[in-house]
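Convention: sequence-line order gives letters A, B, ...; per-chain numbering from 1.
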Amino acid sequence: MTNPAQNDDHSPRPASDSPAEITSECQPERHSRAAEREVQYDRFVALLARHDLAIRRFVRYLMPSTDGVDDVIQETALECWRKFDDFLSGREQANGVDDSANDEFVRWACVIARYKAMSWQRNRSRDRLVFRESVIEHLAGSAVELIEQSEHRRQAIETCLDQLSVNHRRLVLSVHMPGESVAQIAKESGVKPRQLYSKVNMLRSALLRCVERQLTGELGNG
Amino acid sequence: MDKRFEKLIFQAIDQTISPADFQRLQDAIESDAEVRQAYLKSLTLCEQLGEIAQDTSVPDSTSVLTTIVTDATATDRRFDWRLLGLAATLLIAVSVGAYRLGRQDNRLRLGSRLTESLSEEMPPLSSAETQIAGHATLRRGVALKWPSGATRHREGDVLPNGLLAFEEGTAEIDFFCGATLIVEGPASFDIESDWSVAVTQGRLRANVPPVARGFVVRAADSEIIDLGTEFVLEVDSQNVRVDVIDGEVELRGGAHDGQHLLTGEGVSLKGDAAAMPSPASISTVSDLQQQRRIADERSFERWKTFANQLSLDRRLIAYFPIASGLQDGLQSGLLGRVVPDVAASGQQSNGRIVGPVTSADGRFGDGSYGLEFDRTGARVRTRIDGTFRAFTFACWAKIDSLKHRYNALFMSDGYENGELHWQIRDDGRLMFSVMVDDTQKTQHFSPQDNKMVTQAGLHRVYYSDTFWDLSQSGQWFHLAAVYDPANRKVIQYVNGTPIASETIAEKFYVDELHIGAAEIGNWGQPFRKTPWFAVRNFNGAIDEMAIFDAALSGEELRQIYESGKPVGY
């Protein structure tokens with residue numbers, strides 16, 4: 001697989017075969033090039049559409065908050081498109097077929113995403129909370145496995161959430177719910193926000209334990 | 001993992017972490033794989049909770065995006081790379097939206113039905129902190145008679161707040177603040193808080209140690225505030241009288257408002273005090289202990305006679321009357337690790353104590369015993385060969401807590417064809433199961449666990465409803481399971497009363513029953529191929545395990561319960 005990061009200097013720059021050049025003049029051999037490029041574009045969009053959620057999750061793992069996640073994804077998508085030729089030729093060299101491109105595409109895109117996430121944080125290193133590069137490296141190493149599990153995790157979380165009482169469920173979701181907040185619930189229930197917040201974290205810990213239990217499965221319960 | 005990191009992780013995710021802590025967390029993420037995993041898993045949880053929260057609150061926002069992007073991708077197929085950015089971002093947005101929409105439909109279709117049926121039949125397991133209500137416990141009771149229809153409280157029970165009444169007998173009640181009341185029936189009172197009680201009827205002796213100073217007893221229109229040690233109070237419909245045995249009380253309200261009473265002093269708060277019996281006649285703690293000891297001994301003797309008779313029952317496969325096994329010259333048996341099987345029929349399959357089994361106070365007080373399995377490695381092993389046509393398992397169990405998902409009463413080691421498992425699930429349900437065909441792997445939807453469960457072997461777990469919760473911690477229960485292939489029934493009993501009955505379906509029919517190598521109070525799997533084992537030791541004590549090659553009738557089980565029940569049942 002081609003390493004997309006080899007020539008990456010972290011600044012967006014049109015690749016030499018940028019489609020922008022192609023549309024500028026209409027010479028015959030460029031037409032066939034353009035047609036080929038259109039086929040590639042369709043393939044690229046299809047792959048991206050199929051895997052954007054995995055890429056988004058990966059990026060989120062490397063960022064200290066949701067701020068900037070969209071930026072990094074957009075830059076990653078652009079960079080992937082610029083280097084899509086490399087990806088395709090790398091694949092052709094490897095096995096000559098592209099039916100099984102899916103997994104490799106995700107892995108390839110995640111390598112690009114990792115560098116984009118690093119450069120985004122490097123540019124904001126004066127901000128309060130950004131990860132240093134070595135931490136991003138470590139997180140990226142472990143994140144791939146979690147992305148593969150994410151569907152199972154999501155199911156497990158829903159199962160575990162169903163086991164909570166209505167009030168606890170509302171509380172633990174309130175942090176993420178538009179129009180709901182810990183402050184709001186604190187006002188309704190008369191409990192101090194600080195206490196509620198520590199309760200939210202207790203519930204989160206309980207959910208984590210429940211999820212792990214669901215995922216590891218239990219020994220036969222007979 | 002260090003608990004402190006758990007907190008830091010959530011603070012980092014919620015962006016409330018301090019810069020210094022953030023540096024510490026980064027160090028740990030780098031150096032400690034466990035912290036790194038915990039961070040990523042916690043982040044996944046929070047992100048997915050976010051998705052779920054969005055699902056439930058804004059179901060329609062996705063359709064708008066779908067339209068925009070459908071238009072964009074249908075018309076805009078030129079190679080303008082500047083547009084690509086926009087298209088790609090929109091694509092990402094739309095597919096996240098579509099994903100959420102899909103999940104939502106799914107949840108509506110499957111989720112709501114499941115939750116519905118769950119709430120009707122099987123309340124889901126709760127992972128939240130346990131709470132029970134109450135201000136006091138019933139420490140001891142002698143000859144208590146509860147009004148018909150009222151809850152019969154047992155020793156050790158947490159007493160709920162509110163009205164409590166009994167018709168006869170004497171109760172020793174410990175309030176959480178440290179005050180102790182000895183109450184003689186007929187009595188009626190309202191447990192108001194950890195610190196106060198209102199008495200409408202009864203004779204009581206209040207003992208208030210320094211830690212509970214300020215304990216309040218209300219009677220008639222007065223409050224009696226104990227400033228130390230002991231007073232007695234008598235309340236009937238006409239008269240109320242208080243006498244200080246030792247120490248000092250203050251009266252508030254009523255005719256004696258503000259008055260202090262010292263040792264030996266007493267006043268009538270209502271009616272004519274002379275009409276009442278002498279305050280000294282109210283039981284003391286040591287009276288109550290003495291009465292209790294006599295009642296225990298009587299029950300113990302009666303049960304020993306019954307147990308001797310039962311040991312002759314020809315249907316017995318094995319019988320371990322642990323309570324007396326220790327007293328009747330067999331104490332050395334326990335020290336020598338042997339739990340005697342006294343069934344006259346059967347193979348004298350004495351149990352062998354393995355690991356940290358301890359001898360607990362038995363259900364007849366001093367002099368009687370139970371075997372306690374509260375440490376992980378504690379177990380009593382036995383081996384019972386042969387083929388049986390039916391099973392009745394019965395025992396007394398004092399449940400301190402159901403600390404594992406499954407808590408073992410009696411378990412066959414290998415759980416091979418015809419072998420059984422008898423245990424209690426952590427939500428207080430009895431489980432009895434028999435392996436039907438151990439060569440099959442089966443998958444079924446478990447309403448208890450709300451998911452598909454793969455099980456090694458075809459078998460069936462018969463569950464009862466919940467019969468136990470933490471408020472009954474430390475209390476003895478008589479439990480029984482009857483497995484009756486001839487009549488295709490499985491019936492489970494608590495304290496001599498059937499609480500679950502289920503038909504054995506054709507698919508799960510098996511009439512060649514075995515026990516083999518087995519354990520009381522734990523699950524041994526000596527043939528497993530890995531060092532890992534499921535932790536199922538019973539956190540409590542077990543006594544009088546009886547196993548029959550027969551389906552005992554409800555009447556017989558009721559009699560076993562009646563003959564073996566402790567004082568106060």
**Segment of A:Leu146 engaging chain B (4.5 angstrom heavy-atom cut-off)** = side chain
**Item:** Toward chain B, the part of A:Arg50 with a non-hydrogen atom under 4.5 Å
**Value:** neither
**Request:** Below 4.5 Å from any heavy atom of chain A, which atoms of B:Glu47 appear? Answer side chain, backbone, both or neither.
**Result:** side chain
**Asked** Side chains of B:Ser433 and B:Tyr415: donor-acceptor distance under 3.5 Å anywhere?
**Response** yes
**Prompt:** So which part of B:Tyr39 gets closer than 4.5 Å to some heavy atom of chain A, the side chain, the backbone, both or neither?
**Reply:** side chain
**Item:** Shortest non-hydrogen separation from A:Pro64 to A:Gln121 and the atoms involved
**Value:** CD-OE1, 3.4 Å
**Request:** Tell me yes or no: between the side chains of A:Gln40 and A:Asp85, is some donor less than 3.5 Å from an acceptor?
**Result:** yes
**Contact leader toward chain A among B:Ile13, B:Asp27, B:Leu25, where contacts are heavy-atom pairs under 4.5 Å** = B:Asp27
**Item:** Ion pair check, A:Asp67 and A:Arg124, cut-off under 4.0 Å
**Value:** no
**Prompt:** Have B:Thr44 and A:Arg153 got a donor and an acceptor in their side chains that come within less than 3.5 Å?
**Reply:** no
**Item:** Which atoms of A:Leu161 approach chain B - backbone, side chain, both or neither, heavy atom under 4.5 Å
**Value:** side chain
**Message:** Ignoring hydrogens, what is the shortest heavy-atom contact between A:Leu208 and B:Lys41? Give both atom names and the distance.
**Reply:** CD2-O, 3.7 Å
**Asked** Does any heavy atom of chain B fall under 4.5 Å from the side chain of A:Thr66, the backbone, both, or neither of them?
**Response** side chain
